[in-house]
Amino acid sequence: MGFSDLYIDLGTANTLIYGKGKGFLLNEPSVFAIKNGRFENSVYGYGHLAKSMIGRTPHNVSVHRPLREGVIADFDTTLQMLKSFLAQIKFSSSWSRPRMIISLPCRVTEHERQAVIDVGMRMGARQVQLIDEPMAAAIGCGLDILSHQAHMVIDIGGGTTEIAVIASGGIVSAKAVRLGGDDITERIIHDLRQDFNFVVGHQTAEHIKHNVGLISPTASLVKVVQIGGFDLERGLPKRFDVSNLMIQKAVESVVERIVFTVKETLAELEPEVVVDLIERGIVLAGGGALISGLDRHLTQQLGIRTYVCKEPLLAVALGGARTLEDQELLSSIQLQAHSG
Ligand code: ADP
Ligand code: MG
């Protein structure tokens, strides 16, 4: 028996796989760990397991994040990681090769686009169909993308933020910033070290961001989280209280660049489109949309009501899944198909 057709949301931070008629089959961090043996390398782990190893790897294991800024940065590792994901969901392409839909950022180079197609074909696809990520996000957020009235969606992922205006099933305008939630995490690591002589790992920094990462109109102490790290001043490990104020700069620096690009996008739109957005508001998707207060901050900065969709971490994948189930919807938004 053949395997059902698949949709893959290949994100910088997380990969989700949906099987036609089956539902979601996989939701794992896009992380891959390799054990470097004396004669050959082998798979050590992937997904959640591999992510939990970041910053605590034994000397013979290396942890990779093969996607950068929304695109494939390391082709071979991406392919190996996806093969492990497919093995986990007991995927086999040996009988009838399935069709695969894969989403990717809309402003990518031909080379980056080709890499996604190649990775799909190498996984055993009969055909790879590509869709634009912001389009998938808009569908997943429940927007009526076929309406002639315009909508704006902002998808803040791990390494990219995509801002798109959509009307009549097409993209009216799109911009991408190669910056996302993971950049906030990196800035947190940097600032804690520079301003407080305190060294934390990637996962601790992410934990801090999830717990006290917020953007607020008034700089006041709202939240504190206790974490562990290394105190450079005393040269010893230490427990440390981190407040939202201590990571404020980190959050703001990234959010400001996003706000700047959204303003740029708005300034280039036709007046009728702007009126549509004023009426309909702007929807936020992607894990980065979970920074608390972001919707309020954008509403205030842009003068257009901005809200977070129901399931920001799932939005793109929910939209992609719908295009897999609904051929008509797919053909109204699809980019070119590639068969082998
Ligand atoms: P991608 O599509 O690029 O894989 P995702 O949409 O899965 O990215 O979002 C991942 C990003 O969202 C990461 O930077 C992660 O730290 C961030 N994130 C996830 N949950 C939260 C949260 N509760 N608060 C703030 N950021 C979050
Ligand atoms: Mg994404």
Side-chain angles (χ1 to χ4, degrees), residues 7-18 24 26-32 47-48 50-52 54 65-73 78 81-82 85 102-106 108 116 131-141 153-164 176-189 200-216 222-223 225 244 247-248 250-252 254-255 258 283-295 297 308-321:
Y7 161 72
I8 303 175
D9 169 7
L10 187 56
T12 311
N14 297 295
T15 299
L16 286 83
I17 302 180
Y18 178 93
F24 281 104
L26 179 129
N27 181 354
E28 296 271 354
S30 309
V31 188
F32 192 67
H48 287 106
K51 185 175 178 181
S52 69
I54 295 179
R65 301 189 58 190
L67 289 116
R68 284 257 162 254
E69 299 172 346
V71 295
I72 296 172
T78 302
M81 178 182 80
L82 284 169
F85 288 161
I102 307 179
S103 48
L104 80 177
C106 45
V108 299
V116 174
I131 56 173
D132 279 322
E133 243 163 38
M135 187 60 93
I139 296 169
C141 289
V153 57
I154 305 176
D155 173 14
I156 309 174
T160 39
T161 298
E162 290 190 80
I163 301 150
V177 202
R178 296 206 162 194
L179 204 70
D182 293 352
D183 296 277
I184 299 179
T185 308
E186 294 305 320
R187 260 309 284 265
I188 290 173
I189 296 172
V200 296
H202 180 87
Q203 301 199 62
T204 303
E206 193 162 66
H207 179 74
I208 295 170
K209 177 181 74 172
H210 292 183
N211 283 278
V212 301
L214 60 94
I215 183 131
S216 101
V222 184
K223 273 184 173 174
V225 63
N244 60 297
I247 62 159
Q248 188 176 331
V251 177
E252 278 176 3
V254 172
V255 170
I258 294 171
V283 60
L284 299 179
L290 289 166
I291 289 286
S292 79
L294 189 59
D295 46 355
H297 180 73
V308 182
C309 72
K310 233 187 194 165
E311 306 237 42
L313 280 162
L314 299 182
V316 167
L318 285 169

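Just so we're clear, the structure is a prediction, and the values are computed from it rather than from any experiment. The analysis underlying the following values was restricted to heavy atoms, covering all of them including side chains, and did not include hydrogens, waters or symmetry mates. First listed ligand is number 1; within each ligand, the first listed atom is number 1.
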Inset, instruction - Using distance alone, decide if ligand 1 has a nitrogen or oxygen within less than 3.5 Å of any nitrogen or oxygen in Asp9. - result: no
Legend entry - Identity and distance of the protein heavy atom lying nearest atom 19 (C) of ligand 1: His210 NE2, 3.5 Å
Legend entry - Nearest-0.5 Å distance, OG1 of residue Thr15 to CG of residue Asn27: 9.0 Å
Inset, instruction - Determine whether any heavy atom of Asp182 lies closer than 4.0 Å to an atom of ligand 1. - result: yes
Inset, instruction - Find all atoms of ligand 1 within a distance of less than 4.0 Å from any non-hydrogen atom belonging to Glu206, and give their numbers and elements. - result: 15 (C), 16 (O)
Inset, instruction - Would you mind checking which non-hydrogen protein atom is closest to atom 6 (O) of ligand 1, with the distance to 0.1 Å? - result: Gly287 N, 2.9 Å
Legend entry - Heavy-atom nearest neighbour in the protein, as seen from atom 23 (N) of ligand 1, with distance rounded to 0.1 Å: Leu290 CB, 3.7 Å
Legend entry - Side-chain touch Ile8/Leu16, heavy atoms, less than 4.5 angstrom: no
Legend entry - 4.0 Å heavy-atom contact, Gly288 with ligand 1: yes
Inset, instruction - Starting from the C-alpha separation in whole Å, work towards a yes-or-no answer on side-chain contact (heavy atoms from CB on, under 4.5 Å) for Thr78 and Leu82. - result: CA-CA 6 Å; Thr78 302; Leu82 284 169; 4.0 Å; yes
Inset, instruction - Pull out every atom of ligand 1 sitting under 4.0 Å from any heavy atom of Gly11, numbered as shown with elements. - result: 1 (P), 2 (O), 4 (O)
Legend entry - For atom 3 (O) of ligand 1, closest protein heavy-atom neighbour: Gly158 N, 2.8 Å
Inset, instruction - Quick one: pull up CD in Glu28 and CE in Met81 and give me the separation to the nearest 0.5 Å. - result: 10.0 Å
Legend entry - 4.5 Å side-chain heavy-atom contact, Ser103 and Val316: yes
Legend entry - Note, Ile184 side chain near Ile291 side chain (heavy atom, < 4.5 Å): yes
Inset, instruction - Number the atoms of ligand 1 from 1 as they appear, then name those within less than 4.0 Å of a heavy atom of Gly181, with their elements. - result: 14 (O)
Inset, instruction - Between Asp155 and ligand 1, find which residue part has any heavy-atom pair under 4.0 Å and reply side chain, backbone, both or neither. - result: neither
Legend entry - Proximal ligand 1 atoms for Gly286, defined as those under 4.0 Å from one of its heavy atoms: 6 (O)
Inset, instruction - Could you check atom 7 (O) of ligand 1 against the protein and tell me its nearest heavy-atom contact, residue, atom and distance included? - result: Asn14 ND2, 2.7 Å
Legend entry - Over all atoms of both residues, closest heavy-atom pair of Asn211 and Lys223: O-CD, 3.3 Å
Inset, instruction - Using a strict cut-off of less than 4.0 Å between a Lys/Arg side-chain nitrogen and an Asp/Glu carboxylate oxygen, indicate whether Arg178 and Asp183 qualify as a salt bridge. - result: no
Legend entry - Which residue and heavy atom of the protein sit nearest atom 10 (C) of ligand 1, plus the separation: Ala13 CB, 3.6 Å
Legend entry - Lys209/Glu186 salt bridge by N-O under 4.0 Å criterion: no
